[in-house]
There are 2 protein chains.
Amino acid sequence: MDTLLKTLAEPKRCEIVRLVWSEEKAAADIAAHFPSVTRSAISQHLGVLRRSGLIKERREGTRRLYSVDHQEVARLRAFLDSFWTDGLERLRDLAESKEPMKGMT
Amino acid sequence: MDTLLKTLAEPKRCEIVRLVWSEEKAAADIAAHFPSVTRSAISQHLGVLRRSGLIKERREGTRRLYSVDHQEVARLRAFLDSFWTDGLERLRDLAESKEPMKGMT
DNA sequence: TGCTTACGTAAGTAGCAACTTACGTAAGTA
DNA sequence: TACTTACGTAAGTTGCTACTTACGTAAGCA
C-alpha cells in the first residue's frame with residue numbers, strides 16, 4: 001500500500017500521472033515535458049509507475065503509449081478516504097496486511 | 001507539497017499519525033508500539049512529522065505529547081481530492097509553485 | 001545536591017532511489 | 001539488407017533516508 005504512496009511522493013511521477021490522466025501519451029512525449037532529466041530517467045519512472053499499477057502500457061508500432069489505470073487510482077483513493085474520515089481500526093488491518101485493500105475494488 | 005506525501009509514504013510515520021489521530025500520546029507510548037526499532041528512531045520520525053506540520057507537540061513536565069494537526073491534514077486531503085477529481089490545470093499550478101496550496105485553508 | 005525519567009540530537013552506517021552514460025532491441029523505412 | 005526511430009535496460013555514481021549508538025538536557029524527586 002505504501003508502495004503506491006511512495007510512487008506518488010516523487011514529484012516527477014506525480015506529474016507523469018497528471019500528464020496521462022485523461023489521454024494516453026507516448027514515452028517520448030512524456031519525456032519532452034522534463035527537459036532537465038534524461039529520457040532514460042523518465043523511462044525508469046514509467047517502469048516504477050507501471051509496476052505499481054498506476055499506469056498501463058499499450059504498444060503501437062515502435063511506440064509505447066501510457067495511460068492512467070483509473071481503477072487502481074480509485075483503490076488508492078478509497079484507502080486514503082478511509083484514512084481521513086473513519087474506520088481507523090479497519091484501516092490498521094488493511095495497512096498492515098500483506099494483501100492490502102482486499103475487497104475494495 | 002510532496003513533502004507531506006513523502007512524510008506519509010513511510011509506513012511507520014503513517015502508523016504514528018493513526019496513533020495520535022484521536023488522542024494525544026507521549027513519545028514513549030508511541031515508541032512502545034514499535035518494538036522493532038529504537039526509541040531514537042521514533043523520535044526522529046516524530047521530528048519529521050512535526051516539521052512537516054502533520055502533528056503538534058505539547059510539553060507537560062518532562063513528557064512531550066503529540067497529536068495530529070487536523071487542519072494540516074485537511075489541506076493535504078483537499079490537495080489529493082482535487083488531484084483525483086478535477087481541476088487538473090489548477091492542480092498543475094499548485095503542484096509546481098514554490099508556495100503550494102495557497103488559499104486552500 | 002545528586003539521581004532518575006523522558007525526551008531530543010549529533011554522528012556514523014547501510015541501503016535504497018534517482019540519476020547518468022552506454023548498450024540492446026523490436027518495428028518501420030530506404 | 002542497412003539504417004533509423006523509439007523505446008527499455010544494464011551498470012555505475014551520488015545523494016538521501018532510516019536506522020543505530022552515544023551523548024546532551026530539562027524536569028521532577030531523594
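Chain letters run A, B, ... following the sequence lines, proteins first, then strands; residues in each count from 1. Everything numeric here is computed off the predicted structure, so don't read it as measured data.
Reading DNA chain D from its 5' end, the first and the last nucleotide to sit under 4.0 Å from a heavy atom of chain A are D:dA6 to D:dA10.
Proximity of B:Val73 to B:Leu54: side-chain heavy atoms (C-beta onward) are separated by under 4.5 Å at one or more points.
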Can you list, pair by pair, the side-chain donor-acceptor contacts under 3.5 Å of residues 6-14 of chain B, counting residues two or more places apart and other chains?
| unit_1 | atom_1 | unit_2 | atom_2 | d |
| --- | --- | --- | --- | --- |
| B:Lys6 | NZ | A:Ala9 | O | 3.1 |
| B:Thr7 | OG1 | B:Thr3 | O | 2.7 |
| B:Glu10 | OE2 | B:Lys12 | N | 3.2 |
| B:Arg13 | NE | B:Thr7 | O | 2.8 |
| B:Arg13 | NH1 | B:His45 | ND1 | 3.2 |
| B:Arg13 | NH2 | B:Lys6 | O | 3.4 |

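Annotation: salt bridge (Lys or Arg N to Asp or Glu O under 4.0 Å) contacts of B:Lys56 (sequence neighbours excluded): none. Every residue two or more places apart in sequence or in another chain that forms a side-chain contact (heavy atoms from CB on, under 4.5 Å) with A:Glu24 is listed here: A:Arg58, A:Leu65, A:Ser67. Annotation: salt bridge (Lys or Arg N to Asp or Glu O under 4.0 Å) contacts of A:Glu72 (sequence neighbours excluded): A:Arg75. In this structure A:Glu23 satisfies the side-chain hydrogen bond (donor to acceptor under 3.5 Å, both in side chains) test together with A:Lys25, sequence neighbours excluded.
When the C1' atom of C:dC19 is taken as reference, atom CD1 of A:Ile42 falls 10 Å away, rounded to whole Å.
Once rounded to the nearest 0.5 Å, the distance linking CZ of B:Phe83 with CG of A:Leu80 reads 11.0 Å.
With the nearest nucleotide of DNA chain D identified for both B:Arg39 and B:Gln44, B:Gln44 has the one nearer the 5' end. For the pair A:Arg59 and A:Arg13, both in contact range of DNA chain C, the more 5′-proximal nearest nucleotide belongs to A:Arg13.
Remark: DNA chain C forms stems of 3 or more consecutive Watson-Crick or G-U wobble pairs, all pair distances under 3.5 Å, at C:2-30 with D:1-29.
For residues 28-50 of chain B, the pairs satisfying salt bridge (Lys or Arg N to Asp or Glu O under 4.0 Å) are B:Arg50-B:Glu57, with sequence neighbours left out.
Using a 4.0 Å cutoff on non-hydrogen atoms, no part of residues 46-57 of chain A comes near DNA chain D.
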